[in-house]
Each structure stands twice: as C-alpha cells, then as structure tokens.
Amino acid sequence: MWIANGWKDYEVIDTSSGEKLERWGDYMLVRPDPQVIWKTDKKHFGWKKWNGHYHRSSKGGGEWEFRNLPEEWTINYKELTFNLKPFSFKHTGLFPEQAANWDWFSSLIKEANREIKVLNLFAYTGGATVSAAKAGAKVTHVDAAKGMVAWAKENAASSGLSDAPIRYLVDDCVKFVEREIRRGNKYDGIIMDPPSYGRGPKGEIWKIEDSVFPFIELTSKLLSDNPLFFLINSYTTGLQPAVLSYMLHTVLDPIHPGTIEANEIGLPVKSNGLVLPCGASGRWTAKN
C-alpha cells in the first residue's frame, strides 16, 4: 500500500461505525467513510467536540452540522497551501491520501532535467496540478465543473503559483482529449482521477466501469515520444489495483514499455497505528 504519511496539518485521528474523525489544521471533522465497517470505542474527545459533522441521511445524501468552523480555511502540505471549505456530500475540496501520488510524480518531474508537460484530467480542485507545477512542470488542468476550476486557481495562488505555466480549462474531459489528438498536442505526464459517475457540461454521462478503459486507450495517444509517467486513480471498489494494472499493461506496454505498479492508497490512523484504505492507483513510469 502507498501511504500518505507526510502530512503535518492533516491526520485521521480515529475511525468507527462508518465514520472517520479527522484533524484539518486546527479543526476536527467527522465524516462518513464506507470502508469503516468496524465498531470500536470512540474514546477520543473529538468524537464529541468536533467542529463539523456530516450526517448521512437514510434517504441518500446528508447535511453538515457546524460548531465554530469558519466558512473557509487553509492547510499546508510541504510547500503547498490548500483552501478548504465543507460543501456537497461530505467533501472539503481535498483528498489528502493523494499526497502519496503527488510525492511520486513530483520526484519524477524534478529528476527529469527537462521541460515536462503534464495533463491533469478530472482535475477537481487542483491538488495534483499545483504539485506538478511546484515541481517545475507545465500543466494543463481540465475539469467539467467551473467552480472546481476556480477553486484550483485559488489553490495555485495560495501556493505561490499564480504565475506558473498552468492552463485551466472547463471542459468535458473526453471531448477535450479528442480535440487534443486532432491538434497533435502531446504530454509527457498524464494524470486522471475519474469519478465513479458524472455528467459533462452538456449532460454527457460518465460511468467508470463502461468508460474508463476506452478513455485510457484514447488518452494514451497524447503521450509524447519520450513520456515520463501515467497515473490513474480510482475510488470505486470494483476497480481493484489488479484491474488498474491490467488496463495499463494492455494499453501502454505495446506502445511505451515501462514499469507498471498498482496498489491501494491509504492514510495512517493515529489512534491505533493502522491504515485506512482510500482507493487505488495505477502508475506507469518510463524505463531509465
């Protein structure tokens, strides 16, 4: 498992009964987590003294309850600063476990000793975008949600990257990739963080089990003649690491032989030293 253990401003304090207790900077949140199927004693005071609690509804969805929580605040990861705010369906605007991947591709970019162009698809609020840009890459950031792209710009500004070579686009990722292929544009690194289910700006339906393999095939056509890395993330339980590995081998090996790894990603739990699983990632890396 790849564990995001480099955080100082974030931690999973405890987990129990379908929920996790987290510290985000100076504030404690309780949020649902479908992986937490165990029931253990809730001994930490934060279970009762939280600043924000997302309550799931039996009818689907849910709502936030707040106590002395600002509308927006920031946390840091190494040299990066992220703007947080609780919003729809339990989210805060950041997936801390992805720091395991940020560290991985940031090292590759820094060690490449050449200009690296990175494409970040389904780029959300730009955690991977600012990480790649901070490492020195030129980044194209694509997401179908206008609000998420605006949030990514705020994260870049907070991280001192307002003038970094980041291109922001509000677009359907599939249609954008198709246009880039026609334009002949190429990228040295590709990151994709596809949702389990989603809709594009014009109502295009995305269902990951049906769409992800042809999308990997399509996107692979954008890799440069000297590519550096390819990363795919999955939060869907049906896409296990072996599935991600199989798809990357099938698509990339024939055109760009390299090293392929896939694994669960996770966060350490402070109360017991165990690890909370948070999805999976598949990585292709160029051979030296």
Within 6.0 angstrom of I37 CD1, more than 12 heavy atoms from elsewhere: no
Following the transitive rule for hydrophobic clusters with a side-chain heavy-atom cut-off under 4.5 Å over Ile, Leu, Val, Met, Phe, Trp and Tyr, establish whether L21 and L94 coincide in one cluster. no
Mind checking the CD-CG spacing from E264 to L276? Nearest 0.5 Å is all I need. 10.0 Å
Distance (rounded to the nearest 0.5 Å) between W64 CH2 and F89 CZ: 11.0 Å
Using modelled atom types and a 3.5 Å cut-off, is there a donor and acceptor pairing between side-chain atoms of S220 and backbone atoms of E217? yes
Could you give me the CA-CA distance, side-chain angles and deciding distance for E19 and R56, then say whether salt bridge (Lys or Arg N to Asp or Glu O under 4.0 Å) is met? CA-CA 10 Å; E19 295 181 315; R56 290 296 300 270; over 6 Å; no
Do the ring planes of W7 and F82 sit parallel (below 30°), tilted (30 to 60°) or perpendicular (above 60°)? tilted
Is it the case that more than 12 heavy atoms not belonging to N272 sit under 6.0 Å from its CG atom? yes
Nearest 0.5 angstrom please: L223 CG to T219 OG1, how far? 8.5 Å
No-hydrogen, no-angle side-chain donor-acceptor test under 3.5 Å, N83 and S158: yes
Closest heavy-atom pair and its distance - S234, L239: OG-CB, 3.3 Å
Tell me whether the NZ or CZ atom of K117 lies within the 45° cone about the ring axis of Y187 and under 6.0 Å from its centre. yes
Is K221 salt-bridged to E180, cutoff N-O under 4.0 Å? no
Considering only heavy atoms from C-beta outward, does the side chain of I191 approach that of L119 to under 4.5 Å? no
CA sep, side-chain torsions, deciding dist, call: E65, H55, side-chain hydrogen bond (donor to acceptor under 3.5 Å, both in side chains): CA-CA 7 Å; E65 181 183 358; H55 301 281; 2.7 Å; yes
Can you name the nearest heavy-atom pair linking Y235 to D193, along with the distance? CE1-OD1, 3.1 Å
Heavy-atom side-chain contact between S245 and E261 under 4.5 Å: no
Just wondering, more than 12 heavy atoms not from K42 lying within 6.0 Å of its NZ? yes
Is there a side-chain contact between D188 and P227, using heavy atoms and a 4.5 Å cut-off? no
Is V269 reachable from F45 through a run of hydrophobic residues whose side-chain heavy atoms are each under 4.5 Å from the next? no
Could you check whether any side-chain heavy atom of T140 comes within less than 4.5 Å of a side-chain heavy atom of V118, counting everything from C-beta outward? no
Does the side chain to side chain contact (heavy atoms under 4.5 Å, CB included) test come out yes or no for I181 and L222, once each step is laid out? CA-CA 6 Å; I181 292 170; L222 292 179; 3.6 Å; yes
Heavy-atom check, side chain of L231 versus side chain of F105, under 4.5 Å: yes
Which pair of heavy atoms, one from P241 and one from A262, lies closest together, and at what distance? O-CB, 3.1 Å
Is it true that F230 and W104 have ring centroids separated by less than 6.0 Å? no
Determine whether a donor-acceptor pair (N or O, by modelled atom type, separation under 3.5 Å) exists between the side chain of W73 and the backbone of W24. yes
Does K186, at its NZ atom, have more than 12 non-hydrogen atoms belonging to other residues, nucleotides or ligands within less than 6.0 Å? yes
T40 side-chain N/O to T15 backbone N/O, donor-acceptor pair under 3.5 Å: yes
Any side-chain heavy atom of F176 sitting closer than 4.5 Å to one from D172? no
Less than 3.5 Å apart, which donor and acceptor atoms pair up between the side chains of residues 279-286 and the rest of the protein, not counting sequence neighbours?
unit_1 : atom_1 : unit_2 : atom_2 : d
S281   : OG     : N101   : ND2    : 2.9
S281   : OG     : N233   : OD1    : 2.5
R283   : NE     : N101   : OD1    : 3.0
R283   : NH2    : A100   : O      : 3.3
R283   : NH2    : N101   : OD1    : 2.9
W284   : NE1    : H256   : O      : 2.9

Verify whether one side chain among N51 and N68 offers a donor that lies under 3.5 Å from an acceptor in the other. no
What are the two closest non-hydrogen atoms of P34 and K90, and how far apart are they? CD-NZ, 3.9 Å
Are Y27 and F66 near enough that their ring centres are under 6.0 Å apart? no
Is the closest basic N to carboxylate O distance between D9 and R23 below 4.0 Å? no
Charged tip of K85 within 45° of W151 ring normal and under 6.0 Å: yes
Taking C-beta and beyond as the side chain, do I166 and T129 meet within less than 4.5 Å on heavy atoms? yes
State the OG-CG distance between S211 and L218, to the nearest 0.5 angstrom. 11.5 Å
Looking at CG of L244 and CD1 of I260, how far apart are the two atoms once the value is rounded to the nearest 0.5 Å? 11.0 Å
Would you give the length of the straight line joining atom CG of L161 to atom OG of S131, rounded to the nearest 0.5 angstrom? 9.5 Å
List the steps, then state whether side chain to side chain contact (heavy atoms under 4.5 Å, CB included) holds for D143 with V170. CA-CA 5 Å; D143 196 279; V170 179; over 6 Å; no
Contacts of H249 that satisfy side-chain hydrogen bond (donor to acceptor under 3.5 Å, both in side chains) - sequence neighbours left out: D253
Between V212 and M247, does a side chain to side chain contact (heavy atoms under 4.5 Å, CB included) hold up when you go through it step by step? CA-CA 9 Å; V212 69; M247 291 190 294; 4.0 Å; yes
Do F87 and W50 sit in one hydrophobic cluster, given that two such residues count as connected whenever their side-chain heavy atoms are within less than 4.5 Å of each other, even indirectly? no
Residue list, side-chain hydrogen bond (donor to acceptor under 3.5 Å, both in side chains) with W47, at least two apart or on another chain: D14
Begin with the C-alpha distance, continue with both residues' side-chain angles, and end with the deciding distance and a verdict on side chain to side chain contact (heavy atoms under 4.5 Å, CB included) for V142 and V149. CA-CA 8 Å; V142 187; V149 175; over 6 Å; no
Do I3 and L267 sit in the same hydrophobic cluster, where Ile, Leu, Val, Met, Phe, Trp and Tyr count as joined when their side-chain heavy atoms come under 4.5 Å apart? no
Is it true that E22 and R31 make a salt bridge, defined as a side-chain N closer than 4.0 Å to a carboxylate O? yes
Is the backbone of A132 close enough, under 3.5 Å, to the side chain of S106 for a donor and an acceptor to pair up by distance? no
Test: K134 and E79 ion pair at under 4.0 Å: no
Is the shortest side-chain heavy-atom distance between Y246 and F213 below 4.5 Å? no
When you group the ILVMFWY residues by side-chain heavy-atom contacts below 4.5 Å and let the links chain together, are I265 and W102 in the same group? no
Output yes when a side-chain donor or acceptor of H91 lies under 3.5 Å from a complementary backbone atom of G93, and no otherwise. no
Under 3.5 Å donor-acceptor, D33 side chain and Q35 backbone: yes
N76 side chain to Y10 side chain, donor-acceptor N/O pair below 3.5 angstrom: no
